[in-house]
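Atom set for the values below is all heavy atoms of this structure, side chains included, hydrogens, waters and symmetry mates excluded.
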Amino acid sequence: MFAIEVENLQFGYNEKIIDNISFKIEEGKFVSLIGPNGSGKSTIIKLLNHLYPPWQGRILIDNEDINSFSKKELARKISLVPQNTLIEYEFTVEDIVLMGRYPYKKRFERYNEEDYEIAYHALKATNTFHIKDKIITEISGGERQRVIIAKALAQETPIILLDEPTAHLDINHQMEILNLLRRLNKEKKTTIIIAIHDINLASRFSDEIIILSMGKIIDNGIPENVITKENMEKVYSVKVAIDKNKHTNSLSITPINN
């Protein structure tokens with residue numbers, strides 16, 4: 001069963017960014033989108049969350065056209081952790097995470113004990129429970145990133161999309177968040193789709209990797225098949241050495257002199 005199917009997708013803002021791509025993601029897979037800046041990773045994440053309508057092609061969620069879902073219905077299927085997590089309103093951290101429960105509430109319905117329990121579990125999972133009473137504008141960028149991930153967890157969707165979720169995190173919190181996502185993926189069969197720059201992290205945590213360049217898919221498949229010297233040189237214009245990390249048993253990429 002496929003969680004997401006993308007067929008002949010084209011999209012751009014002023015000019016074409018996504019150029020007639022197709023791919024399928026099985027339920028319960030951890031999939032990374034990699035590629036240089038401007039390759040289309042973030043745009044694909046936005047299209048999968050229906051933030052923009054494509055110029056051409058279609059997106060299926062659980063074999064249903066994404067256009068057939070209401071906003072709330074889609075929010076019960078997919079949660080999004082955007083690249084820009086800046087929030088200007090003075091909500092508390094707890095308020096932000098509780099917003100993840102919105103798709104399950106009727107108009108003017110208050111949060112109940114179950115909502116708070118789910119939110120607190122998400123806060124604890126992302127190591128942000130101790131700042132739940134702080135104002136979101138007064139915490140660090142790394143803390144804010146983890147709070148937005150907690151909000152996505154509280155949404156309890158079968159699919160989570162993340163756009164560069166480790167970009168503002170130190171190495172300790174990077175590993176904390178990626179291990180958490182991998183645990184969700186394994187234990188709850190949550191489908192994880194992540195746009196990420198770090199090829200080594202993508203190789204370590206992903207079931208499959210999609211390599212993008214200039215809005216096209218260059219290669220996709222298991223890390224061992226797509227993280228090759230040929231693909232890295234073609235996409236990033238750099239020579240690399242590729243080895244097996246003896247500690248993680250995943251591929252490790254090291255740029256070398258041209």
Under the side-chain hydrogen bond (donor to acceptor under 3.5 Å, both in side chains) test, which residues partner E208, sequence neighbours left out?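 Here no residue qualifies.
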N200 and S203: side-chain hydrogen bond (donor to acceptor under 3.5 Å, both in side chains), yes or no, with the steps? CA-CA 5 Å; N200 289 331; S203 174; over 6 Å; no
Considering residues, nucleotides and ligands other than [X], do more than 12 of their heavy atoms fall under 6.0 Å from its [atom1]?
{"X": "H121", "atom1": "NE2", "answer": "no"}
{"X": "Y102", "atom1": "OH", "answer": "no"}
{"X": "K105", "atom1": "NZ", "answer": "yes"}
{"X": "Y13", "atom1": "OH", "answer": "yes"}
{"X": "K189", "atom1": "NZ", "answer": "no"}
{"X": "M99", "atom1": "CE", "answer": "yes"}

Which atoms form the tightest heavy-atom contact between [X] and [Y], and what is the distance?
{"X": "A119", "Y": "A154", "value": "CA-CB, 4.3 Å"}
{"X": "D19", "Y": "Q10", "value": "C-CG, 4.3 Å"}
{"X": "H173", "Y": "L169", "value": "O-CD1, 3.8 Å"}
{"X": "I17", "Y": "G40", "value": "CG2-CA, 4.2 Å"}

Do [X] and [Y] share a hydrophobic cluster, counting only Ile, Leu, Val, Met, Phe, Trp and Tyr and linking them when any side-chain heavy atoms are less than 4.5 Å apart?
{"X": "L123", "Y": "Y116", "answer": "yes"}
{"X": "V238", "Y": "M214", "answer": "no"}
{"X": "I196", "Y": "I242", "answer": "yes"}

Answer whether the closest heavy-atom distance between the side chains of I209 and V31 falls below 4.5 Å.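 No, every pair of side-chain atoms sits at 4.5 Å or beyond.
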Is there a side-chain contact between Q174 and L201, using heavy atoms and a 4.5 Å cut-off?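 Heavy-atom side-chain distance check passes, below 4.5 Å.
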Side chains of S250 and N245 only: does a donor on one sit below 3.5 Å from an acceptor on the other?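 Absent: no donor and acceptor within the cut-off.
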For N67 and D65, test the side chains for any donor-to-acceptor distance below 3.5 angstrom and give the result as yes or no.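 N67 vs D65: donor-acceptor pair found between side chains.
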In a table with atom names and distances, give each donor-acceptor pair under 3.5 Å that connects a side chain of residues 220-229 to protein atoms at least two apart or in another chain.
residue : atom : partner : partner atom : Å
T228    : OG1  : N231    : N            : 3.1
T228    : OG1  : N231    : ND2          : 3.4

At what distance, to the nearest 0.5 angstrom, does [atom1] of [X] lie from [atom2] of [Y]?
{"X": "K41", "Y": "I18", "atom1": "NZ", "atom2": "CD1", "result": "10.5 Å"}
{"X": "K77", "Y": "I66", "atom1": "NZ", "atom2": "CD1", "result": "11.5 Å"}
{"X": "I199", "Y": "L251", "atom1": "CD1", "atom2": "CG", "result": "11.0 Å"}
{"X": "L9", "Y": "E7", "atom1": "CG", "atom2": "CD", "result": "10.0 Å"}
{"X": "L162", "Y": "Q83", "atom1": "CG", "atom2": "CD", "result": "11.5 Å"}
{"X": "T126", "Y": "Q145", "atom1": "OG1", "atom2": "CD", "result": "11.0 Å"}

Using 4.0 Å as the upper bound for N to carboxylate O, is an ion pair formed by R182 and D207?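 Answer for the salt bridge query: yes.
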N-O pairing of E156 and R76 below 4.0 Å: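 Salt bridge flag = no for R76 with E156.
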For the residue pair F129 and Y120, categorise the inter-ring angle as parallel (less than 30°), tilted (30 to 60°) or perpendicular (more than 60°).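 Ring orientation, 0 to 90° scale: perpendicular.
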Give the C-alpha distance, both sets of side-chain angles, the deciding distance and a yes or no for side-chain hydrogen bond (donor to acceptor under 3.5 Å, both in side chains) between S42 and D163. CA-CA 6 Å; S42 294; D163 190 2; 2.9 Å; yes
With side-chain contact (heavy atoms from CB on, under 4.5 Å) as the test, pick out the partner of R146 among I131, N127, L180.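 Testing R146 for a side-chain contact (heavy atoms from CB on, under 4.5 Å) against I131, N127, L180 leaves exactly one candidate, N127.
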